[in-house]
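Before I ask anything, here is the structure I am working with.
Given the structure is predicted, the values throughout are model-derived calculations rather than measurements. Just the heavy atoms: all of them, side chains too, but no hydrogens, waters or symmetry mates, feed the values below. Each ligand, and each atom within it, is numbered from 1 in the order the structure gives.
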Amino acid sequence: MNGRMAEERKGMLLVVSGPAGAGKGTLIERLMQSDPTFVFSVSCTTREMRYYETNGVQYYFINDEQFDKYIQENAFLEYATVHGHRYGTLLSEVKERLAKGINVILDIDVQGGLAVMKKAPDCVSVFIYPPSYQDLLDHLHKRNSEGEEEIQRRVHNARGEIQKMGEYQYLLLNDDLETAFDHLKCIVTAEKMKSSRFIPTIPEKRPDHSKN
Ligand code: 5GP
């Protein structure tokens with residue numbers, strides 16, 4: 001029984017990476033809507049808040065001083081500089097939830113993803129990739145949350161991220177949102193059934209549902 005007690009459920013740490021504009025955010029949101037066993041890990045960032053964002057929802061928006069303080073206190077599971085800003089996953093967003101059997105989603109870049117894979121080798125890692133670089137550009141222009149210089153920087157960084165996608169367990173093409181979402185659900189469903197996560201006890205008798 002893998003040295004574990006029956007019925008003890010381990011939460012899944014789902015690491016999702018992929019270049020800006022690949023549709024990561026949309027897929028994560030849909031997964032959380034369809035499966036309430038998943039909770040989003042809210043990261044810290046030193047970047048400016050966008051007009052549609054709320055502190056504590058998409059991110060904890062903090063300054064460099066606070067970020068340094070968290071590093072000194074070993075409060076981060078991982079942290080990295082992405083597109084010129086600092087981002088970090090707080091241990092407090094992850095550790096206790098996993099211990100309680102709650103599944104946690106991390107939306108982090110490849111540097112962070114690789115660091116988490118080292119520290120938590122039983123995490124599930126998924127890399128979302130676009131059908132073409134042109135699709136990335138189109139998405140970023142449509143999203144309209146960055147200026148042209150920022151967009152070019154993100155597409156440039158995308159090439160670096162894509163070079164490392166072979167380190168991830170699952171590579172998910174986002175050509176069509178419905179198909180990509182179905183595939184993400186398949187990954188999650190299979191991962192939930194792993195014996196390393198949960199070993200059920202099978203009762204002798206069929207449960208009597210008529211009383212409910
Ligand atoms: P954005 O600023 O556009 O929301 O995110 C920029 C990039 O930072 C995305 O690739 C996102 O996955 C990544 N990111 C967000 N939070 C974290 C984090 O806590 N750690 C790391 N390493 N990357 C993060």
Does the N or O separation between E161 and ligand 1 drop below 3.5 Å for any pair?
-> no
Flag for E65-N63: side-chain donor and acceptor within less than 3.5 Å |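 No, because no side-chain N or O of N63 sits under 3.5 Å from a partner of the opposite role on E65.
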Selection from L90, I108, T45, D109 by shortest heavy-atom distance to atom 22 (N) of ligand 1 |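 Considering heavy atoms of L90, I108, T45, D109, the nearest to atom 22 (N) of ligand 1 sits in D109.
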Can you tell me the protein heavy atom closest to atom 6 (C) of ligand 1 and the distance?
->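 The closest heavy atom on the protein side is Y87 OH, 3.5 Å.
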Pull out every atom of ligand 1 sitting under 4.0 Å from any heavy atom of R154, numbered as shown with elements.
-> 3 (O)
Closest to atom 1 (P) of ligand 1 by heavy-atom distance, out of F76, Y59, Y60, is Y59
Qualifying residues under ring-ring contact (aromatic ring centres under 6.0 Å, His included), relative to F76, sequence neighbours excluded =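 By the ring-ring contact (aromatic ring centres under 6.0 Å, His included) rule, F76 matches F67, Y70, Y79.
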Report the part of Q58 (side chain from C-beta onward, or backbone N, CA, C, O) that has a heavy atom under 4.0 Å from ligand 1; answer both or neither where that applies.
->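 Contact part for Q58 vs ligand 1: neither.
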Residues in salt bridge (Lys or Arg N to Asp or Glu O under 4.0 Å) with K69, at least two apart?
->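 Partners of K69 by the salt bridge (Lys or Arg N to Asp or Glu O under 4.0 Å) criterion, ordered by chain and then number, come out as E73.
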Is there a nitrogen or oxygen of Y79 sitting under 3.5 Å from a nitrogen or oxygen of ligand 1?
-> no
Charged N to carboxylate O under 4.0 angstrom, E178 versus R30?
->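 Answer for the salt bridge query: yes.
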Could you pull out, from E48, R86, E78, the option with a heavy atom nearest to atom 20 (N) of ligand 1?
-> E78
Short list, please: which atoms of ligand 1 are under 4.0 Å from a heavy atom of G88?
->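 Checking each atom against G88, I get 18 (C), 19 (O).
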Could you tell me the residue and atom name of the protein heavy atom closest to atom 19 (O) of ligand 1, and the distance to it rounded to 0.1 Å?
->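 Going atom by atom, the protein heavy atom closest to atom 19 (O) of ligand 1 ends up being S43 OG, 2.7 Å.
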Heavy atoms only: which of V82, L106, D107 is nearest to atom 14 (N) of ligand 1?
-> D107
Determine the sole option in E191, M165, H183 for which the side chain to side chain contact (heavy atoms under 4.5 Å, CB included) test with Y170 is passed.
-> E191
Do Q33 and E29 have side-chain N/O donor and acceptor atoms under 3.5 Å apart?
-> no
The answer for which part of H83 has a heavy atom under 4.0 Å from ligand 1 is side chain
Show which atoms of ligand 1 fall inside a sub-4.0 Å distance from at least one heavy-atom site of R47.
->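 Those atoms are 1 (P), 2 (O), 4 (O).
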Regarding S132 and D135, is there a side-chain donor-to-acceptor distance under 3.5 Å anywhere?
->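 The answer is yes; a qualifying pair exists.
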NZ/NE/NH1/NH2 to OD/OE distance under 4.0 Å, D122 and K194 |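 Not counted as a salt bridge, because no side-chain N and carboxylate O are separated by less than 4.0 Å.
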Atom NZ of K192: over 12 foreign heavy atoms under 6.0 Å =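 Yes, because the 6.0 Å sphere around NZ of K192 holds more than 12 heavy atoms from other groups.
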Would you say K24 contacts ligand 1, with heavy atoms under 4.0 Å as the rule?
->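 Checking ligand 1 against K24, which is what was asked, there is a heavy-atom contact under 4.0 Å.
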Test of proximity, C44 against ligand 1: N or O pairs below 3.5 Å = no
